[in-house]
Number of protein chains: 2
Amino acid sequence: MNIGEIARRAGVSRSTVSYALSGRRSVSAQTKQRIQAVIDELGYRPNAAARALKEGRTRTLGLVIPPASLRLTDMQLGFVASVVEAAAHADLDVLLSPSGGDHDRSFERLISGRRVDGIILMEIRLEDERVTRLQQEGLPFVTIGHTAHPQGVCWVDIDYAELVARSVHHLADLGHRSIALLNRSAELVAAGYGPAHRAQAGFAEAVGRRGLRGIELPCADDPAAGEEWFEQLRERHPEVTAITTINEAALPGLQRGIERLHVAVPREMSIAGVAARHWAEGFRPQLTAADVPTGEMGAHAVELLLERIAAPTGAPRHLLLAPPISLRDSTGPARTD
Amino acid sequence: MNIGEIARRAGVSRSTVSYALSGRRSVSAQTKQRIQAVIDELGYRPNAAARALKEGRTRTLGLVIPPASLRLTDMQLGFVASVVEAAAHADLDVLLSPSGGDHDRSFERLISGRRVDGIILMEIRLEDERVTRLQQEGLPFVTIGHTAHPQGVCWVDIDYAELVARSVHHLADLGHRSIALLNRSAELVAAGYGPAHRAQAGFAEAVGRRGLRGIELPCADDPAAGEEWFEQLRERHPEVTAITTINEAALPGLQRGIERLHVAVPREMSIAGVAARHWAEGFRPQLTAADVPTGEMGAHAVELLLERIAAPTGAPRHLLLAPPISLRDSTGPARTD
DNA sequence: TTGTAGGCGTTATCAA
DNA sequence: TTGATAACGCCTACAA
């Protein structure tokens, strides 16, 4: 089924059908109606490839996700869902590319094959060759997270430094003097993963400013590691009365560790963090945390990308989100024994 | 950058470049080398739209996921990841369509716009209009899960009836006489969601055959509901000594409920289920469960779809997976007090 | 071994 | 208000 067939059945030329659909030229009401009737009857839709070839745009966005081998976190998942939804809302499709490195085949297909009009890049590293690759190709893109030198790049990110600092201040206000940071995994820190670095920075800054004792212990991104992390913390640093964390995946394990050692939250230990609302509310007691707005982030990323596609040479915009900390039940005054 | 430009720079015709790339005609080593040098220098790749238009295939698969508003379960997520990976392995891209109903715009774009060579449909209902829509369009597709009348359709599914029955038999063998089924939500059952129906059927059949007392209580698909479910169970059916479940999302809540009421597992209560390995191992104590092989399922679905695309008229294949139950720590002999 | 030319389905320019 | 036609970039049958 193609436009020629529609034209033939409606007794008009192909261009008239095309114009009737696009509205870029006036078509008599009568003709338009006849064409529409045929289209409805046959269920015609323009062939996407032909249209893309002619128009030079694909009406498709690319979303580069971490390789499937790495389990996606809840936060990342929420982000993928919101990007897809926001794109669908703009009548755009989303092409997925699971790739980490620069030389990934599907990543290369996406960009040099001109399969998409723009790209959203997740899980950016502080030094990220994919960014330079996209810049050299001149394909519009938006990153989630930002590189060490994000000038000239559109990005959306969570201000982990600010959020961790805020939770430290909140805990300090409650009288806590020894606070531990439950950061993302040592591997990620080593790989130059921005959130982990910035959490570190924000923690150090706030702890320094308030004259507190700050403890940092590495922890892998999974429940088992969280449980072990808590044991180690109690063993090595019994003076710690509060924890701040950005490691969502370790939360269930942290909870198990706390329960196993019979530590009362928040009476004996306060916990504040950065997490998707879903996780914060699933914690027991519910977690005082900055709720990461994954849904908004996806929508913002799509919005920024569409702007960039419309005006590739404009000044790049970026968004640094610092959602407020929602007070729940996991933080309270420091114990005074 | 297009094939003409490459041809010009290499001093050959466009067809020679095309043949050098496809290998469908012999090209002298010297010419081939010259062409390759130019391609490498300029980073040329065939335009996907032009190629799709000419060849009549897009080298893209469509994956229809549940709408973003519904939180994807871990199992679904694992499935998406494995489909994307399997597709990438075959040098295919994956286009995502978040849609529930038949008249969804992105779903329609996918199929009548010929944006994909085939489609994988997740979260099939017993009566699913998307299936009939795809059949009428004549687009190859594979479903995850199957409809009430799956004749002539390719599908991959988990044999929930068999797995639930097996877990009931396992529990009966351990001496349990009153067993509760923690099924998916009442809404899903009402909507004709296959796994929920088949779990029910398998449960009823096995319970009947072993002469047991079978309890069914509805439970929404989230942790809070799981916790409440367990309370209700203890209140209304204190005689129950074993639970079988396919409701992954309710597991964390079930666990909390068990801990809150200080019920010892498996001494006072045995639990067996169907769940992604990740969830089973995250449960405390680790859950005796049939581990849903999401990774394999995605790969199988892609494999079946590729077969179907290659031979659309062949006999439709299907796969009903019944992975063995992995014995872990949550099941034991019935208490005898 | 290589080149020429036609057509995939669409949109847009030019002409009527 | 409408129609004929060229062009997007690629692949391939045919010709040399």
Side-chain angles (χ1 to χ4, degrees), chain A residues 1-36 38-39 42-60 91 93 109-117 137 139, chain B residues 1-36 38-39 42-60 91 93 109-117 137 139:
Chain A
M1 188 48 45
N2 60 35
I3 201 171
E5 181 67 13
I6 303 295
R8 201 180 59 70
R9 299 212 192 194
V12 295
S13 73
R14 291 178 306 170
S15 53
T16 300
V17 175
S18 177
Y19 284 119
L21 279 167
S22 71
R24 300 173 112 88
R25 181 163 98 173
S26 61
V27 174
S28 77
Q30 195 189 354
T31 310
K32 201 182 289 184
Q33 193 178 15
R34 203 166 64 243
I35 292 172
Q36 193 56 53
V38 176
I39 287 178
L42 300 186
Y44 163 78
R45 269 162 197 267
N47 178 297
R51 176 180 264 187
L53 178 57
K54 177 62 187 167
E55 293 191 329
R57 66 189 183 116
T58 59
R59 298 166 190 260
T60 305
D91 277 344
D93 288 314
R109 261 203 314 274
L110 230 56
I111 58 180
S112 27
R114 297 270 144 191
R115 297 200 61 125
V116 296
D117 297 332
E137 191 71 19
L139 194 62
Chain B
M1 188 49 44
N2 59 37
I3 200 171
E5 180 68 14
I6 303 295
R8 200 180 59 71
R9 299 212 191 193
V12 296
S13 75
R14 292 180 309 170
S15 59
T16 301
V17 176
S18 179
Y19 284 120
L21 279 167
S22 72
R24 299 176 112 86
R25 181 164 98 174
S26 61
V27 174
S28 77
Q30 193 189 355
T31 309
K32 201 182 287 184
Q33 193 177 15
R34 205 166 63 244
I35 291 172
Q36 194 57 52
V38 176
I39 286 178
L42 301 186
Y44 164 79
R45 267 160 197 266
N47 177 298
R51 175 181 265 185
L53 180 57
K54 173 64 187 172
E55 295 192 328
R57 66 188 183 117
T58 60
R59 298 166 190 260
T60 305
D91 276 344
D93 288 314
R109 260 205 313 276
L110 229 56
I111 57 182
S112 28
R114 299 268 143 191
R115 294 199 62 121
V116 296
D117 297 333
E137 191 71 20
L139 195 62

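Per chain, numbering begins at 1; letters A, B, ... match sequence-line order. Only heavy atoms go into these numbers, but all of them, side chains included; no hydrogens, no water, no symmetry mates.
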Reported CG-to-NZ distance for the pair Leu21(B) and Lys32(B), which is rounded to 0.5 angstrom: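 Spacing of CG (Leu21(B)) from NZ (Lys32(B)) equals 10.0 Å.
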
How far does OH of Tyr19(A) sit from CZ of Arg25(A), to the nearest 0.5 angstrom?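 Here the rounded value is 5.0 Å.
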
Answer with base, sugar-phosphate or nothing: what part of the nucleic acid does Thr31(B) contact at a heavy-atom distance below 4.0 Å?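 Touches sugar-phosphate only.
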
Side-chain donor or acceptor of [X] paired with backbone N/O of [Y] under 3.5 Å:
X         : Y         : value
Thr60(B)  : Thr58(B)  : yes
Arg115(B) : Ala48(A)  : no
Asp117(A) : Arg59(A)  : yes
Arg45(B)  : Ser112(A) : no

Report, as yes or no, whether the 6.0 Å neighbourhood of atom CD on Gln33(A) holds more than 12 heavy atoms from other residues, nucleotides or ligands.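 At most 12 heavy atoms, drawn from other residues, nucleotides or ligands, come within 6.0 Å of this atom.
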
Mark yes when over 12 heavy atoms from residues, nucleotides or ligands other than Arg24(B) sit less than 6.0 Å from its CZ; otherwise mark no.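 It does not: Arg24(B) CZ has 12 such atoms or fewer within range.
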
Give the B/S/- string for nucleotides 3-10 of chain C, one per nucleotide from 5' to 3', where a protein heavy atom under 4.0 Å of the base yields B, of only the sugar-phosphate yields S, and otherwise -. BB-BBBBB

Give me the bend of the helix from dT1(C)-dA16(D) to dA16(C)-dT1(D), using the axes of the five pairs at each end, rounded to 10°.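 The end axes of the helix from dT1(C)-dA16(D) to dA16(C)-dT1(D) are about 40° apart, to the nearest 10°.
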
Identify the 5'-most and 3'-most nucleotides of DNA chain D with at least one atom closer than 4.0 Å to a non-hydrogen atom of chain B.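 The footprint of chain B covers dG9(D) to dC14(D).
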
For residues Asn2(B) and Arg14(B), determine if any side-chain heavy atom of one lies less than 4.5 Å from a side-chain heavy atom of the other.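 Result no, sub-4.5 Å side-chain heavy-atom pair not found.
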
Test item: side-chain donor near acceptor, Thr16(B) and Ser13(B), under 3.5 Å: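 Side-chain D/A pair, Thr16(B) to Ser13(B): present.
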
